[in-house]
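As structure tokens, the structure follows; a few thoughts come after it.
Side chains are part of it too, since the values below use all heavy atoms of this structure and drop only hydrogens, waters and symmetry mates. Here is the naming used below: chain letters follow the sequence lines, and residue numbers restart at 1 for every chain.
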There are 2 protein chains.
Amino acid sequence: MIGARVAKGTRLRCEGDESNALFYVADGWLAVSKSLEDGERQILDFILPGETYDPTAADGRTSFVEIEALSDAVVVTTDRAVWARLLRHYRDLWDAESLRDIAAHARQSERMLRLGKCSAETRVAYALIELCLRLSACATPNASAFHVPLGQQQLVDFIGLSSVHVCRTLRRLARQGIITTGDHMNITIHDVAALADLAGVDLAVLRAEIIPSVA
Amino acid sequence: MIGARVAKGTRLRCEGDESNALFYVADGWLAVSKSLEDGERQILDFILPGETYDPTAADGRTSFVEIEALSDAVVVTTDRAVWARLLRHYRDLWDAESLRDIAAHARQSERMLRLGKCSAETRVAYALIELCLRLSACATPNASAFHVPLGQQQLVDFIGLSSVHVCRTLRRLARQGIITTGDHMNITIHDVAALADLAGVDLAVLRAEIIPSVA
DNA sequence: CGTTCAGTTGAGTTGCTTCAACCCGTGTGG
DNA sequence: CCACACGGGTTGAAGCAACTCAACTGAACG
């Protein structure tokens, strides 16, 4: 189990020597992504402080994703086998992890639905809401204004639209007074209800599905 | 633990009394999907014989998906707590499940990438390849010809395009001699290489990532 | 023989992308 | 201190991929 500081922008290697590794993020944001040969990239999920991610593919050896630090971060690397033993022994840990797993899975599913079936506006609105929910769950209690440590390019890769169109859509939302964007992706949501409406979600339901509760 | 025969087309309830349930599919195909209020539906994954699925959301109570039997099926319903205990006690079971989990996760990620970034042709090709791989792994050793127990509508909900466009794309592939479609979604892949090429995947790599190996 | 329903095809439309120009804050070297 | 280049974000215009609408086919069934 090795803790390490990683600088913003660093790509974490998940293959070769480091295989069978599993990441625990102590601080900072990571992005998990996959890319095509032509350079197109899709961000699959963000990893927030306190969460773990296992990048191992089904063959148990290689990784199927790329992981990148979106901010300076502190990442702990653990051997999968060791981690598994811990999970088996400590009931609480197991429960907590299983909850986080479920939440991650639910989030990914929700995103797939939007990706496959929704308009640009809905997709953008949904992404903002998801980020807002996750952030307010882990840090700020204030639900409406938050800072996203992402460039537009990352947001774009997350949403799955062209940067041009994402930009347009954000501006439209801003013009409608639903959000304000400051410098460097400081986003303030003024009208959460309107945004949730555009995203086609019920805020309370979504939170229950997506955010690991301490039940 | 209750085993039950379910007829093709049945919707499995995952809420209320049946909450905290987890499904093991002994026989037949299930589809896991999510839908929008407007009726649009996205199929998130298929569950094949021998696989399990936990439809529980992060609040531990409600479900966040709909599950439907695509064929007549035999489904075993288990309490999550009981299942968790089994997993903790039987190391082999835990390993196998964790492998399946990883594979499912890798599949879903791969699909998200296609959903967000790829053309219709690529998405259709990829879907066919994935189905083919999974089927040939679990049943037919013959990789090229297989029967998909799906109507076009299901395939459409899986791929995330309009039925019209999926149809066109399939016909185009057929005209190019890459596949043949028989009655009721009997699909034969004549040129796996060409299809993999269109899908933008390396067949061997994909198999390693997506299919739980018995390693 | 008529009805129904899944799949197929054509024609017109739209939403997103692409391309290209531009703006502006930041860093850099003369 | 100014000139300049640079990169991220914004905007306009044009193109194209996928969607919608609508008509048709053919198999399945009473």
ask   = dT10(D) C1' sits how many Å from Gln152(A) CD, rounded?
value = 8 Å
ask   = Out of curiosity, Leu173(A) CG to Leu198(A) CG, how far, rounded to the nearest 0.5 Å?
value = 6.5 Å
note = From NE2 of His165(B) across to C1' of dC21(D) the rounded distance in Å is 16 Å
request  = Would you kindly give the CG-to-P distance between Leu161(A) and dA17(D), to the nearest whole Å?
outcome  = 17 Å
request  = Remember a base hit wins even if backbone is also touched, and classify Ser119(A) as base, sugar-phosphate or nothing at under 4.0 Å, heavy atoms.
outcome  = sugar-phosphate
Nucleotide dT10(D), atom P - distance to CG of Leu173(A) in whole Å = 12 Å
task = Measure from the side chain of Arg168(A), starting at C-beta and using heavy atoms only, and say which of dC19(D), dT20(D), dG12(D) lies closest.
result = dG12(D)
request  = Taking atom types as modelled, find out whether Arg123(B) and Thr169(B) have a side-chain donor-acceptor pair closer than 3.5 angstrom.
outcome  = no
key: Pair Glu51(B) + Arg100(B), salt bridge at N-O below 4.0 Å   = no
task = Determine yes or no for a side-chain-to-main-chain donor-acceptor pair under 3.5 angstrom, with Arg134(A) supplying the side chain and Ile129(A) the backbone.
result = no
ask   = Going by atom types alone, do Thr10(A) and Glu68(A) pair a side-chain donor with an acceptor below 3.5 Å?
value = no
message = Can you confirm whether the side chains of Ser33(A) and Gln42(A) place a donor and an acceptor under 3.5 Å from each other?
response = no
task = Under 4.0 Å from any heavy atom of chain A: name the first and the last nucleotide of DNA chain C that qualifies, 5' to 3'.
result = dC16(C) to dC19(C)
